[in-house]
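Scroll down for the structure; my scribbles are underneath it.
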Amino acid sequence: MIPAFDTAAGWIQETLLLPMLFSLGLIQWEDISFGWALFAVYGAAQVVVTFAVCVPLERWRPVERWPDAQAVVVDVLYTFVSRVGLLPLITYVLFFKLQVELSGALTDMGYVPPTLERIFPFLFGMPVLTFLLYAIILDFGEYWRHRLSHVFRWWYSLHALHHAQRQMTFWSDDRNHLLDDIIGFAWFTCIALLIGVPPMQFPLLVLLLRLIESLSHANARVSYGWLGERLLVSPRFHRAHHGVTAAGEISVNYGAVLPWWDMIFRTADFSREFVQTGDPTAEEELATGGYFTQQWVGAKRMLRDIFSSTPRGAG
Amino acid sequence: MVTKDRSGLDGMTRRGALALGAAALLPRSAGAQAGAQAGGGAVLIMNSGAASLSVIDMATRRETRRIPVLREPHHWALTPDHKELLIGDSSGNELQVLDPRTFAVTRRMPISNPYHLQFSGDGKFFVVAGLARNQIDIYEAGSYKLLKRFPIKSMPSHMDFLPDSSVVFVTLQGTGRIAAIDLRRLEILWDEPCGNAPAGLLVHAGRVLAGNMGGDDVAVLDAKTGKTLRRIRTGKGAHTLFWAPDRKTIWVNNRLDQQSVVVLDAATLDPVRRYRLPGGPDDLEFAPDGNIWFTMRFVHKVAVMDPRSGDFTTIDVGRSPHGIFLNPRAIATA
């Protein structure tokens, strides 16, 4: 499978990207264009796989049936903007540049840039194991980012857009305020830089984690069983986090991919069944508005909270 | 996996080859040995997108092992005593040091952004072009003590030296220029335009030749002044340039459209032969048996071409193979 992705990325680089870069006078970037191509191939494959897995599941065992799914349409837009559009390419280029600058500067100062392989030399030459370890560390970081986004009121005002959806489907994973996405990207990138994630693995890690996150948002009555639910975040487990009684400051099940962190930090709740989703405190526009309305209302809400004298009480 | 391909020879340019005389055109030993069985030795490929080095047995043409590196290996440099082979891991910020005969990894050295690297001919300087960090670093060879860093705009790519090792020339891919640095005084002599996105560079008879990847030509500059004297059209995406072992021809790889290898007569700099070589030919090395080994960036393979016929076979390697080193070179000179 991996060689097929490489071949596809090589073809895109050779037949589409390089002629385009050449005609735009940007051919000097050809060296990293393979990374862009690979990112796009994995992004497209991820949407296809998510679609192929989640649509049958949602049709087979839906938690809820809605007379119309108008509110889902905007989530589809969020997904394409986030995964196949320009954002993944910018993510890759930015990360590549930051990684080179940071590690080069550290080398100049006499420090060896941090990498897992340097800390644990037995990992050298074991890319699959290293990749999995990177994924675990990044998921740990995601747990805390997500948990903190529920703690700080101004941050939750942005994150409320994600929770406002009453018609939660696998498309809802990318339903985020742009500022929330930027904070998330900065957080994820900083951790990736600190542990020395290779640029070529960065997009793959993002995509792998997001694939599992998409599945966890599916409108599907799916549980992984007692043990499975404790190994990987399931739709049932994550739905509890999106429940109307869990939105806001005090919630449960913050884990994105692994429920381990919730278990360790005592925020796991395996008891809730397939609950109704949404945030009753959120403005209606955040639930049913269009893309730009949602962005505007989310920003207004954040500003109001920043300048409000009320200390706490989000959600 | 080894795959055989049809002839890559462009018939139109065969006439040029005949005019020049095929024996003079072919690499040093090709006339006598082409077609002979491949000899011993091994090839090292720098898989820039796979964080690894592929070792290929030259006789069987099979990959025998894969050596992990930290991040992104691109180019190599052989120490002046030929005892160490340095592989530059650009985003890994380190040099991986190998025994050039066995390819055993002997040590690793942290160094900032080593993209392209070479020792000066007199063995006194070790120069590193940091493409991603816009810097050219001059080190003392042997001690690897940094003598001077030249922050420079932008994307310093490939380099070559004057025969007396007094000056190093570096292409600046981002700004379409070439910089000449005086190694004795450690100062920039000139920084002149040469075209669009220059990559490979070669010094030849008081002139500097650079492949303009953003154009379709090799620019010829005066080594003293940096003034462009001539442009030789080779093909879209002109990229790297290499001397044939007999130094009678210069081989230019073109990366775009009609991906090809163009042979220049070193005396006149006129194109005399063209080979079709799809797959993004990048670096090349001449084998003692007369064949030429190419890294093929876009298809993740290495091509082995018989320059008499243009026929080539390919061998699968890792992602985005870039630098290539044939160890008979080290064995022969040890």
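Order of the sequence lines fixes the chain letters, A, B, ..., with proteins taken first and strands second; residue numbering starts at 1 for each chain. Heavy atoms only: backbone and side chains are in, while hydrogens, waters and symmetry mates are out.
Counting heavy-atom neighbours within 6.0 Å of Trp187(A) CH2, excluding the residue itself, gives a total above 12. Counted within 6.0 Å of CZ on Phe51(A), heavy atoms from surrounding residues, nucleotides or ligands total 12 or fewer; the atom is thus considered open. Heavy-atom contacts from other residues, nucleotides or ligands closer than 6.0 Å to CZ of Arg233(B) number 12 or fewer.
A distance of 4.0 Å separates CZ of Phe34(A) from NE2 of His300(B), quoted to the nearest 0.5 Å. Going from atom CG of Asp6(A) over to atom CG of Asp316(B) covers 11.0 Å, rounded to the nearest 0.5 Å.
Contacts of Met155(B) with chain A are made by side-chain atoms alone, with heavy-atom separations under 4.5 Å and no backbone atom involved. For a residue to count as touching a neighbouring chain, one of its non-hydrogen atoms must lie under 4.5 Å from one of that chain's; by this rule Ala9(A) does not touch chain B. Contact of Arg66(B) with chain A is not made at all, since no heavy-atom distance falls under 4.5 Å. Looking at Leu131(B), there are no atoms closer than 4.5 Å to chain A (heavy atoms on both sides), in backbone or side chain.
Shortest non-hydrogen contact noted between Gln173(B) and Gln28(A) is NE2-O, 3.0 Å.
In this structure, the side-chain contact (heavy atoms from CB on, under 4.5 Å) partners of Thr175(B), at least two apart in sequence or on a different chain, are Lys153(B), Ser154(B), Leu172(B), Arg177(B). The side-chain contact (heavy atoms from CB on, under 4.5 Å) check on Leu194(A) picks up nothing, with sequence neighbours excluded.
Residues Leu256(B) and Ile27(A) meet the side-chain proximity criterion, which asks for heavy atoms closer than 4.5 Å. Between Phe298(B) and Leu18(A) there is a side-chain heavy-atom pair separated by less than 4.5 Å.
For the set Ser90(B), Ser52(B), Ser320(B), Gly214(B), the entry with the most heavy-atom pairs within less than 4.5 Å of chain A is Gly214(B). Ranking His74(B), Arg297(B), Gln135(B), Arg108(B) against chain A, the residue ahead of the rest is Arg108(B), based on heavy-atom pairs under 4.5 Å. Most heavy-atom pairs under 4.5 Å with chain A, from the set Pro198(B), Gly215(B), Pro278(B): that is Gly215(B).
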Show the numbers, then the answer: is there a side-chain contact (heavy atoms from CB on, under 4.5 Å) between Glu14(A) and Arg255(B)?
CA-CA 9 Å; Glu14(A) 184 177 0; Arg255(B) 301 276 295 277; over 6 Å; no
